[in-house]
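A note on names: the letters A, B, ... follow the listed sequences, proteins ahead of strands, and every chain is numbered from 1. Keep in mind it's a predicted model, so treat the numbers as computed, not measured. Note: hydrogens, waters and symmetry copies are ignored here, and every other heavy atom, side chains too, is used.
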Amino acid sequence: MRRHFKAKVIDNNFAAESFKLITLSPASEVSVPLPGQFYMLESGRSTDPLLKRPFSIFRLNDGCLQFLYRVRGKGTTSIAGFNRGDFINVVGPLGKAYPDPEGPFIAVAGGVGIASLYSLLEKKRGKAMLFYGARNVRELICFEEASKLSAKAFSTTDDGSSGVKGLVTDKLSEFIKNEGRSMPVYACGPHPMLKKVAEIAKHNNLKCYVSLEEHMACGIGACLGCVVKSKSSAVEYEYKRVCKEGPVFDADEVLW
Amino acid sequence: MRRHFKAKVIDNNFAAESFKLITLSPASEVSVPLPGQFYMLESGRSTDPLLKRPFSIFRLNDGCLQFLYRVRGKGTTSIAGFNRGDFINVVGPLGKAYPDPEGPFIAVAGGVGIASLYSLLEKKRGKAMLFYGARNVRELICFEEASKLSAKAFSTTDDGSSGVKGLVTDKLSEFIKNEGRSMPVYACGPHPMLKKVAEIAKHNNLKCYVSLEEHMACGIGACLGCVVKSKSSAVEYEYKRVCKEGPVFDADEVLW
Amino acid sequence: MIAPNLAVDIAGLKLKNPVMTASGTFGYGEEYADYFDLNALGAIVVKGLSITPRTGNPTPRIVETPSGMLNAIGLQNIGVRTFIDEKLPFLRQFDTKVIANFFGDSIEEYAECARMLSDAEGVHALEMNISCPNKQEGWIVFGTDPMTMDKVISVTRKSTALPLIVKLSPNVKDIGQMAKIAENAGADAVSAINTITGMVIDVRKRMPVLANKTGGLSGPAIRPVAVRMVWEVCRAVKIPVIGMGGIMNAEDALQFLIAGARAVAVGTANFINPSAAADVVEGLKLFLQDEGVSDINEIIGTLR
Amino acid sequence: MIAPNLAVDIAGLKLKNPVMTASGTFGYGEEYADYFDLNALGAIVVKGLSITPRTGNPTPRIVETPSGMLNAIGLQNIGVRTFIDEKLPFLRQFDTKVIANFFGDSIEEYAECARMLSDAEGVHALEMNISCPNKQEGWIVFGTDPMTMDKVISVTRKSTALPLIVKLSPNVKDIGQMAKIAENAGADAVSAINTITGMVIDVRKRMPVLANKTGGLSGPAIRPVAVRMVWEVCRAVKIPVIGMGGIMNAEDALQFLIAGARAVAVGTANFINPSAAADVVEGLKLFLQDEGVSDINEIIGTLR
Ligand SMILES: Cc1cc2nc3c(=O)[nH]c(=O)nc-3n(C[C@H](O)[C@H](O)[C@H](O)COP(=O)(O)OP(=O)(O)OC[C@H]3O[C@@H](n4cnc5c(N)ncnc54)[C@H](O)[C@@H]3O)c2cc1C
Ligand SMILES: Cc1cc2nc3c(=O)[nH]c(=O)nc-3n(C[C@H](O)[C@H](O)[C@H](O)COP(=O)(O)OP(=O)(O)OC[C@H]3O[C@@H](n4cnc5c(N)ncnc54)[C@H](O)[C@@H]3O)c2cc1C
Ligand SMILES: Cc1cc2nc3c(=O)[nH]c(=O)nc-3n(C[C@H](O)[C@H](O)[C@H](O)COP(=O)(O)O)c2cc1C
Ligand SMILES: Cc1cc2nc3c(=O)[nH]c(=O)nc-3n(C[C@H](O)[C@H](O)[C@H](O)COP(=O)(O)O)c2cc1C
Ligand code: FES
Ligand code: FES
């Protein structure tokens, strides 16, 4: 099983304005990824952009790896330029997966954070209470499909163009308060959202797992570029590698 | 008339193994190029490759600019990756054209040097004695079309896979010796070939124009990167810019 | 919205905007007049001049490197006289400041060159390129040796009343200290950075690609080093600083301005995009409008 | 055809091939064992070690630049003790030399660190990273000040019998001269180059992107500078030189070898291609076969 392989681009189409879905067919036998793990994808043929870019596994589909990504800077712009039939270099699966929820669970996705949670919803079909926030309805990608995979699903948007207008964390608070259920929380999204989710979970005594992001060079634990401050019994704090000890962390471990 | 413009890629296909023909439709009104002039073509979206690359105008076709190029290093590999529908930045037409031959003339092409002479053959249909040398028959691109545009046409290949086996300059010498005609010579190809052609022309008292190549950064006369040593009455030698005073030079001017 | 103010003042030299061209990358200006209106620029810095013409180095003179290029032009130029007679009249047509970059092989040549240029109508400031070896004193590069540098600037200072900009070499340990020396020796402003010395080897031929063996690295590859050095220079001196090195667009230029540079110069980018310098001016305007800032001077040196 | 000889000798240290990994880009080796057989390498150079563990800098610690990257890891490491106890046993499994890169805040720390590492089984050579500031003497960077450099090397030299490699900083005026100082102070070999200091500014936030403000530039962007500096070092000293800076493939490695380096190190490339170092070994073999050269030592220092 190779963790560094070439893969053929099967498709690389827009899923929404500025969001693309790339489907890759590995050229050799590769490991099966677990929900929450990620891959480093080649960002182009030349040395600019230079580094690979990290993306959560979105779905495994017919032996193909799918990634849902937002076209942002020069790396993702370059990846958006790959055509069907091109071969690209891939490293993965990498990092720690979400621990398997035993029963029903809460999933909180902020924006493209849905990419990291989607395969967990698929795996635990009908078990999730999904909270999915985005800027507007256009950026609420595959909400319908995700809803079908969930027991319940709520959406929020900044502009009210779908679901409740406001923050996904407010909706989450409200839900927990009203329904008062004791389920573990799984979250992926922007840092401020994760911090808030962690607070809500702590306040309600819920177990909470967050998937973090940091600038990465290697993705395999060698460069120490991607660290986050985390609690340590011995010293004031300790730096853990998002790519190796993460990207999924117990929210309690993180020094927010 | 803009000399710095965007152009749409209409086609970018292989003309032969490792040779491609790119067809560009300028997005704004542009000047008509003359045979022997060249353009600087964008070498990709990122800063690696960084500089534009120089290419002779091959043909003007239906308002489109065509360039015939050999895929060599990272710049041409990147250009080979442009797809139909892409827009690329172009600067040109640049440099001095071939002086118009008044009557019949000799054209000597080495390899992809045919790109620079082809439009001269087209313009002076039926007037050229064409001598075209290449490594092998596969690299003797569009010899048939070029022959049709010429009064006479001879090919030579290093391996004898088409025409005479041997150097194009030997064939040229033989022709001039046997037929003894007095025609101006127009040549484009590798430096050693051009040097030899210039010697043959001088020896036979024929006027000779050569199109030279040098590493270029700007293509417009600003960087002084592309100079060639040329004769000067005042000093020992003088550096002339291939992009501005050339690429076509009177062979007599050049300090070989 | 009112157009934001882009004008800056470099030691009394009033520029309509902080964007200049870097010496050696813009010829004598005329090469670019086909591509945009030269009036768009704050200043044009011309190719380095010497008292007498120079033929320069043999070829190849340039080679591309990852996100950069090496050049070893060897300071080919037409000489001060021909510049004044044949190139300056063209440049005088424009409402854009003209800065003459110059160099010499000896202290006397620097001083003489500055004197000749100061007398010419239409030269608004001088930029001393001190990244050249001192022929008389054992080929020590003027700009990397504190003593030699101090001497050549002090002497040249006395030979011109024009604003004197000293262009710093990055091939030093502490560029801030070198800037301080320039300031103390009488420079009105400093510019940084010149190219970083590099080499590329053709592994099949076992030979350097450049005929001159080494050349100067420029382009985006050096930008992070240039930004850092310009920031160090800005903290070391009180005189205005002109920043350059790998600027391709307005955002790149802003890095230098925020680090403290009063103006910037666009170099290698001119080769890739002939209207790069004018595009930077436009991009700065847009940035200021976008950020709701009315004056570029409110951006300069705002690094937190 | 017989396989060409790739073995080289660095101050008595026999490497099966001239390809090493650059410190800080290969962790402690184990991170890469999933990607290729570590036996393929001439040597593994581990992440820089200090006597006690270091937490390193706050994040962001890295940022990409054109054809390069800046890092400000801040020398985070597990400390010599933990390295010896927990990492070295793994590395001893391989028939590949292990070179321990180390540093300190003071001369005493350097010496003590060298001593501790020398006693450990399975450390075959030491590489001193002198691009660190001297806490005791006004934060002067050891590797950019001749006097401080001479002192720290001389003292450390006495505390180890292992081959001592001194890793040179490129942030100096004359790296050849610095190499000479290292040679005279007792270094068995020198390696070059370490990263070049740079900065990237977020123009919207008016803040450096890196929490540490500046970082070290590595990757292909610096290769032309690295090749030039390694060439200068090779001409300045008689001890073996290890070349690095932007090596992505065998051709890049060959530039350093032809310039005179006895071995090379692959750094940033490991991040982009986890088997980059092993690929360089393969590429060197192919090159030698292609050129009909039977021994890599016949390539070293052949620049014309
Ligand atoms: C474990 C992990 C999983 C991720 N999964 C996804 C996903 O499934 N879909 C998706 O759209 N995005 C995902 N991201 C974020 C994605 O990696 C960044 O958007 C991308 O690297 C931006 O690259 P760029 O060159 O286009 O942007 P630029 O802003 O130009 O990037 C410049 C540099 O910053 C780094 N960088 C910028 N933003 C981020 C970020 N948020 N996280 C990490 N590095 C960053 C880049 O890698 C690059 O080195 C993930 C990040 C991590 C760490
Ligand atoms: C006026 C002129 C007209 C040309 N017309 C054509 C043409 O019609 N068709 C064609 O196939 N080629 C033509 N060439 C050559 C073409 O420009 C080079 O093959 C191309 O630049 C190689 O780029 P690369 O990055 O693929 O190669 P690399 O070898 O990787 O190039 C590295 C660097 O060297 C420069 N370089 C390498 N070889 C040459 C060369 N022969 N001439 C100039 N610069 C070079 C490149 O521009 C680049 O900066 C012409 C060159 C000139 C000067
Ligand atoms: C081809 C070329 C020629 C140059 N000639 C000069 C010169 O004559 N005098 C000078 O002071 N700097 C010269 N430079 C340096 C530039 O002015 C500038 O300092 C450097 O290229 C960094 O900026 P850039 O990265 O934007 O090009 C030259 C640079 C290049 C690329
Ligand atoms: C993330 C990172 C960490 C590094 N850490 C160290 C280190 O601990 N000690 C050291 O001597 N050099 C360190 N370096 C410098 C490299 O060993 C090498 O000298 C430099 O990166 C140039 O090589 P490259 O361009 O191939 O990466 C580090 C480089 C990087 C990119
Ligand atoms: S990205 Fe390199 S250690 Fe995590
Ligand atoms: S390519 Fe710049 S002057 Fe000719």
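Residues C:D290 and D:R204 are in side-chain contact: their nearest non-hydrogen atoms beyond the backbone lie under 4.5 Å apart. Between D:R228 and C:L70 the shortest side-chain heavy-atom distance does not fall below 4.5 Å. D:W231 has its side chain within reach of C:T214: a pair of non-hydrogen atoms, C-beta onward, lies under 4.5 Å apart. With contacts defined as side-chain heavy-atom distances shorter than 4.5 Å, the pair D:K173/C:D145 qualifies.
Of all non-hydrogen atoms in D:R304 and C:K213, the two that sit nearest each other are O-CE, 4.4 Å. Residues D:I299 and C:R206 approach most closely at CD1-NH2, 3.5 Å, considering heavy atoms. Among all heavy-atom pairs drawn from C:F287 and D:V203, the shortest one is CZ-O, 3.7 Å.
Against chain D, the residues from residues 59-68 of chain C that qualify, each with a non-hydrogen atom under 4.5 angstrom away, are C:T65, C:P66, C:S67 in number order. Residues of residues 262-272 of chain C never come closer than 4.5 Å to chain D when only heavy atoms are counted.
Residue-environment remark: CD (D:E251) stays at or below the threshold of 12 foreign heavy atoms within 6.0 Å.
D:M229 CE to C:T197 OG1: the interatomic distance, rounded to the nearest 0.5 Å, is 8.0 Å.
Using a 4.5 Å cut-off between heavy atoms, D:L217 touches chain C through its side chain atoms alone. Of the atoms belonging to C:T302, heavy atoms from both backbone and side chain fall under 4.5 Å from chain D. Neither the backbone nor the side chain of D:D252 comes within contact range of chain C; no heavy atoms are under 4.5 Å apart.
When each of D:V200, D:N171, D:T144, D:L254 is scored by its heavy-atom pairs under 4.5 Å with chain C, the top score falls to D:T144. Interface remark: of the candidates C:S169, C:G198, C:G219, C:G198 forms the most heavy-atom pairs closer than 4.5 Å to chain D. If you tally non-hydrogen atom pairs under 4.5 Å between each of D:P208, D:P170, D:A259 and chain C, the highest count goes to D:P208.
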